[in-house]
Amino acid sequence: MEIPKFDETFLPILEILKTGKIFKTRDLIDEVKSRFYSRLSEEQLKQKTKSGDLLIDNRIAWGKSYLKKGGYVFFPQRGFVQITEKGKNHSSNLTIRDLENETSLFDFYKQEIPKSNTNTIPETKVSSPQDLIDEGFKRIEDDVKSELLTKLKGTNPYFFEKVVLKLLKKMGYGEFIETAKSGDGGIDGIINEDQLGLDKIYIQAKRFNDGKVRETDIRNFIGAMSGDTNKGVFVTTSDFDNKALEKARSAHHKIICIDGKKLVELMHQFNVGIQVKTTYEIKQVDEDFFDEQ
C-alpha cells in the first residue's frame, strides 16, 4: 500500500464525517488513518515532509482544506470540521477534476492539456502545495549531489582523503590523524572516537572514476589494520561489488562501506563541500494570536 495523494483522501474524510458529527482536526486525521490506512508500514507512517510534518497527516490535512474550498466541509470553529449537505451528497468517485471548476483555488494549477490526451490530469493537479515544495527541493538536492560526486571524482586522491576525514569530524567523531602517503599499508587516516584515543577507527579512502571496490581491496584494508582497533571505514566515490560487501560483512572486524551515493548524502547532510545559497520561509496563520479576541 502506498501513501495516498492528498486528493485520494477526499472520500475517506467524507466517509468519516458523513454522520454529521463535529470532529477535531487531530481526531479526524487519526480516524482516517486508523480506518483507511492502517496497512501502511511503520516506515511510511513515520515519513516526513521537508517542513517536518508527518507526510500522511499532511496529505489528509490538505485533503480537508481542499474539501472546504469546494464546499464539501466547513469549519464550525477553530480546529474543528463538519460535513456540509453538499458533502453528504457527494459523488461516489470524487476527484480533483470534480473540484477544479468550483473554486479559483485551482487556477494556478491549470495547464494546457494536449487534445490527444484530454483525460490525463497533470501531475501538479494531484500534488498538494507541500508536495510541490518537497519535490522542488528534492530536484535541487539531487542536482547538487550529482554535481558534488562529479567534483569528488575529479579531485586528486590526497585531497579526497582530506575530504573524508573532514566529513567524519563534522559528523561528531574525534580528531583525525593523517597517515604518511607512502608505506602506510593502505590506511589513509585514523579517527580517535574519544579524546584519549582509547578507541580508534581506521579510514581507507579510494577515489575511483570507473570500476568498483573489490574483495581484494577490503582484504588488504583489513590486513593493514593493527591490533589496537577492530573498526574501519572504507569510503569510495564509486561502488562496492558483491564479493567486497560480503567480505566486509563476514570479517571479524567491524567494516563500514560507504559508496559514492551515500558519501554525497552525508556531505549534503553535514554541509561539507557545499554552502547554503538561499533560505525560504513558509508562513502560516498564527491561530494562537486570534485566541485573545
Side-chain angles (χ1 to χ4, degrees), residues 43 46 138 140-276:
E43 182 179 356
K46 291 182 178 179
K138 184 179 184 303
I140 294 173
E141 287 183 4
D142 288 346
D143 287 345
V144 171
K145 291 173 184 176
S146 177
E147 183 179 358
L148 189 57
L149 187 57
T150 300
K151 291 281 189 184
L152 290 173
K153 289 182 176 180
T155 61
N156 69 67
Y158 296 153
F159 180 80
F160 177 61
E161 293 168 10
K162 291 179 180 291
V163 170
V164 171
L165 293 172
K166 288 179 180 179
L167 170 62
L168 291 171
K169 183 177 180 180
K170 201 76 175 288
M171 291 173 64
Y173 293 95
E175 293 295 328
F176 60 81
I177 303 171
E178 291 184 69
T179 58
K181 299 311 173 190
S182 60
D184 61 359
I187 304 299
D188 296 321
I190 300 172
I191 291 283
N192 290 322
E193 276 195 279
D194 60 273
Q195 292 185 351
L196 297 178
L198 297 175
D199 290 313
K200 295 181 173 61
I201 302 174
Y202 280 25
I203 312 298
Q204 174 71 75
K206 288 291 186 184
R207 183 192 60 79
F208 288 159
N209 284 319
D210 299 302
K212 297 182 178 182
V213 175
R214 305 194 179 280
E215 180 185 10
T216 53
D217 298 308
I218 300 296
R219 186 186 302 115
N220 291 338
F221 178 48
I222 294 173
M225 297 171 67
S226 63
D228 62 348
T229 185
N230 63 352
K231 300 175 183 177
V233 178
F234 199 115
V235 187
T236 180
T237 52
S238 181
D239 204 348
F240 298 84
D241 66 20
N242 291 333
K243 289 186 177 180
L245 292 173
E246 179 58 34
K247 181 63 178 178
R249 284 192 294 263
S250 62
H252 293 298
H253 298 71
K254 179 68 174 179
I255 306 297
I256 302 298
C257 297
I258 300 178
D259 60 18
K261 180 180 178 180
K262 181 64 176 178
L263 174 60
V264 294
E265 286 177 355
L266 291 171
M267 291 179 67
H268 190 279
Q269 179 182 350
F270 290 94
N271 292 324
V272 175
I274 63 174
Q275 58 184 350
V276 177

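No hydrogens, no waters, no symmetry mates; every other heavy atom, side chains included, goes into these values.
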- Task: Would you mind checking if E141 and K138 are paired as a salt bridge, meaning a charged N to carboxylate O distance below 4.0 Å?
- Result: no

- Message: Under the criterion side-chain contact (heavy atoms from CB on, under 4.5 Å), I'd like the reasoning laid out for L148 against I274: C-alpha separation, chi angles, the key distance, then a yes or no.
- Response: CA-CA 8 Å; L148 189 57; I274 63 174; 4.1 Å; yes

- Query: If you draw a 6.0 Å radius around CG in N209, do more than 12 non-hydrogen atoms from other residues or ligands fall strictly inside?
  - Reply: yes

- Message: Heavy-atom count check: over 12 atoms from other residues, nucleotides or ligands less than 6.0 Å from K153 NZ?
- Response: yes

- Rounding to 0.5 Å, atoms CD (E147) and CG (L152) come to a distance of 11.0 Å

- Task: First locate atom CD1 of I222, then atom CG of N230, and finally report the distance between them rounded to the nearest 0.5 Å.
- Result: 11.0 Å

- Query: What pair of heavy atoms forms the shortest contact from I255 to M225, and how long is it?
  - Reply: CD1-SD, 3.9 Å

- Query: Just by distance, do the side chain of K170 and the backbone of F270 share a donor-acceptor pair under 3.5 Å?
  - Reply: yes

Donor-acceptor contacts under 3.5 Å from residues 233-241 side chains, at least two apart:
{"residue": "T236", "atom": "OG1", "partner": "K206", "partner atom": "O", "Å": "3.0"}
{"residue": "T236", "atom": "OG1", "partner": "S238", "partner atom": "N", "Å": "3.0"}
{"residue": "T237", "atom": "OG1", "partner": "F208", "partner atom": "N", "Å": "2.8"}
{"residue": "T237", "atom": "OG1", "partner": "F208", "partner atom": "O", "Å": "2.7"}
{"residue": "S238", "atom": "OG", "partner": "G211", "partner atom": "O", "Å": "2.3"}
{"residue": "D241", "atom": "OD1", "partner": "K243", "partner atom": "N", "Å": "3.3"}
{"residue": "D241", "atom": "OD1", "partner": "A244", "partner atom": "N", "Å": "2.7"}
{"residue": "D241", "atom": "OD2", "partner": "R214", "partner atom": "NH1", "Å": "3.3"}

- Query: Is K151 close to T155 at the side-chain level, that is, under 4.5 Å between some pair of heavy atoms?
  - Reply: no

Run the side-chain donor-acceptor check on residues 257-268: report pairs under 3.5 Å with partners two or more places apart or on a different chain.
{"residue": "D259", "atom": "OD1", "partner": "K261", "partner atom": "N", "Å": "3.3"}
{"residue": "D259", "atom": "OD1", "partner": "K262", "partner atom": "N", "Å": "2.9"}

- Could I get the full list of salt bridge (Lys or Arg N to Asp or Glu O under 4.0 Å) partners for E215, not counting sequence neighbours? R219

